[in-house]
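Treat the numbers as computed from the prediction; the structure is a model and nothing was measured. In what follows, chains carry the letters A, B, and so on, assigned in the order in which the sequence lines appear, proteins first and then strands, with residues in each chain numbered from 1.
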Amino acid sequence: MKRSKTMEFGVGLFMIAGILGVIFLGLRVSGLTLSAPTQSFQLEANFANIGGLKPRARVTMAGVTVGRVEAIELDTQWYDAKVVLSLDSELEGQLSRDSIASILTAGLLGEQYIGLSVGGDPEMLQNGDTIRDTQSALVLEELIQQFVSNMASN
Amino acid sequence: MQSKFSSGTARITRLGRRGCDLMEALGRAGVFLAQSAIGIPSREGWRLWLQQMHFVGVLSLAIVLVSGLFIGMVLALQGYTILVDFGAEQALGQMVALSLLRELAPVVAALLFAGRAGSALTAEIGLMKATEQLTSMEMIGVDPLRRVVAPRLWAGFVALPILTVGFSVVGIWGGYLVGVEWLGVFEGSYWSNMQANVAFINDVGNGMIKSLVFAVVVTWIAVFQGYDLVPTSEGISRATTRTVVYSSLAVLGLDFVLTAVMFGGL
Amino acid sequence: MTDTPFIEIEDLYFSRGELEIFRGVNMTIPRGKVTAIMGPSGTGKTTLLKLIGGQLTPESGRVLIDGQDVHRLSRKALFTLRKRMGMLFQSGALFSDLDVFENVAFPLRVHTDLPDTMVRDLVLLKLQAVGLRGARELTPAELSGGMARRVALARAMALDPELILYDEPFVGQDPISMGVLVQLIKRLNQALQLTSVVVSHDIKETLSIADYLYLIADGQVVAHGTPQTLDINQDPRVSQFIHGEPDGPVPFHYPAEAFYRDILGEARVPASG
């Protein structure tokens, strides 16, 4: 009986280790947070070209991550890209109506993300509003094309 | 002409017989799985399951963890030499974690499990069969499928996913040791890059699903080979080999299918 | 025979692959007696026991135990019937992961809800009967062949069955443990009014305990009777077996070409294998 007790204890430890392992994979590796999903509000922004922007990409303000891209879809009315952003709720009512959303690239080949910069309008954006002022992604090929044609015309 | 023709038909007949044998074995294996895995465990069943968890799970822990550590370290080392050329060594954490979670941990843990626990299961059940223990259990009026096979099957189903988690955790830590402590990748970017790019459901979850599928397949093969073998010493040694060969092939083949379904956009 | 039969075997056919093992076997095994089934090696005596125990299914014919057709029973009813049988295997077949005590306690634990103290008493009683009460803490690996068989006998008796099947109980035993086993089987049968079926080819020992004998060869019963009647049976097949003559109807030589032709190389070249 004594031997089976230590064995049961071993199996118990084994299973606890498994559960702890899953928790580690969740918190430390996939970056889930234990606190309930942070309160957020949503804004929309239309871009003429989103380049390589992906869902789950970061949304930053002055380099600080303040939210992420929730969804990207084609707006069939204007034939441009409608991007839904999910932002920290503490920013709700703090962003002026003329804020600018631009698609930026981390480094030359890095991933693309959205940068927000605030304007000076006294009216503030509320949940579900649309950011009017947007800057599309820089597409490297287009830049090069422009550069080459400029060279040629000179 | 006549003999050529008949040798041709004989060959086709042989092929047909092989096919029939194969289908029959698969059928037997399916019935076997259904009969033993289904049923409500009694109190005694829990005790037997716990015992098998010890043999199958706890005793395989050492080899799985040590392998995980080394694989994580090697991944970090190899990944670093490639990533550093692109100036992207901050992505090391992401690379180590994703390779482990999606592929290496489920597959390598399953292969190690087949070698360590699977072959032992086959040999143990085979020995019980060869020494008439299974027959005598049946004559006592106890179903060996429920008493001997079921606890082992369920222990395997539960133990391998846990071992796979252990493999991943230790591997990521091994990658951290090499990448951060030795090669000097910035610690913050090792973890933050990992957290930014690993999705719990997609990466950890799919890895666990893979590992569960492998657990069912490997344990099933191992236990069935033990139960179905020719009860001689030669039969046992052959069945043990078959367990390792079949389950390794099944794991690698299924891994391709699962990867295609999960990550291949099918 | 005035006794009611306990087991009836009617016109049993069984084959393994191409090999016909039984071709119409008929037997009647009386209640409360020791019946021996004898025959040369390889005649399928163990197979017959497995057919009686319901582990193998015959091609045709039936086996009735106490009026129940073994091979028509549902799995559950078969397992219930088996609680009334004990079987002693050639190797003992003790569970290698349990010690001697737990081996004997096994049938009690799975089939009864007796409290631990009563299980203990019963197990010690059975072990006392086979003289191994002192060995209760040993593991099967630590037992000699004869001791393992005695423990297996105690286990087979644990549920006080009505029928015990003995598969080659004397094979590979030294004279002392052979004597012990003969004594045990005899005593148990008298004390508990069991029906015993002994499969064996050890003539002397079997004759000394059997009340009735069946001799099988070539898939059929060639003779049956009490030990006395078989001893004076004139059938050459019977007397060859009972008296252990090396040559007779069961030939000494495996079927082969004529010796001279073989040795002088005139026989056809054997087909390459």
Tell me, with the steps shown, if C:Phe79 and B:Val142 meet side chain to side chain contact (heavy atoms under 4.5 Å, CB included).
CA-CA 7 Å; C:Phe79 276 63; B:Val142 174; 5.5 Å; no
I'd like to know whether B:Val148 forms a side chain to side chain contact (heavy atoms under 4.5 Å, CB included) with C:Phe95, so could you lay out the CA-CA distance, the side-chain angles of the two residues, the decisive distance to 0.1 Å, and finally the verdict.
CA-CA 11 Å; B:Val148 174; C:Phe95 303 133; over 6 Å; no
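Contact annotation for C:Leu88: neither backbone nor side-chain heavy atoms come within less than 4.5 Å of a heavy atom of chain B. For chain B, the nearby part of C:Met87 is the side chain; its heavy atoms alone come within less than 4.5 Å.
Applying the salt bridge (Lys or Arg N to Asp or Glu O under 4.0 Å) definition to pairs two or more places apart or across chains, none involves residues 154-171 of chain B.
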So which donor and acceptor atoms of chain C and chain B come within less than 3.5 Å of each other?
from, atom 1, to, atom 2, distance (Å)
C:Gln55, NE2, B:Thr135, O, 3.2
C:Arg75, NH2, B:Asp143, OD1, 3.1
C:Arg75, NH2, B:Asp143, OD2, 3.0
C:Arg82, NH1, B:Glu138, O, 3.2
C:Ser91, OG, B:Thr131, O, 3.4
C:Ser91, OG, B:Glu132, OE1, 3.1
C:Ala93, O, B:Ser136, OG, 3.4
C:Leu94, O, B:Gln133, NE2, 3.4
C:Ser96, N, B:Gln133, OE1, 3.1
C:Ser96, OG, B:Gln133, NE2, 3.1
C:His111, NE2, B:Ile140, O, 2.7
C:Arg155, NH2, B:Ser136, OG, 3.3

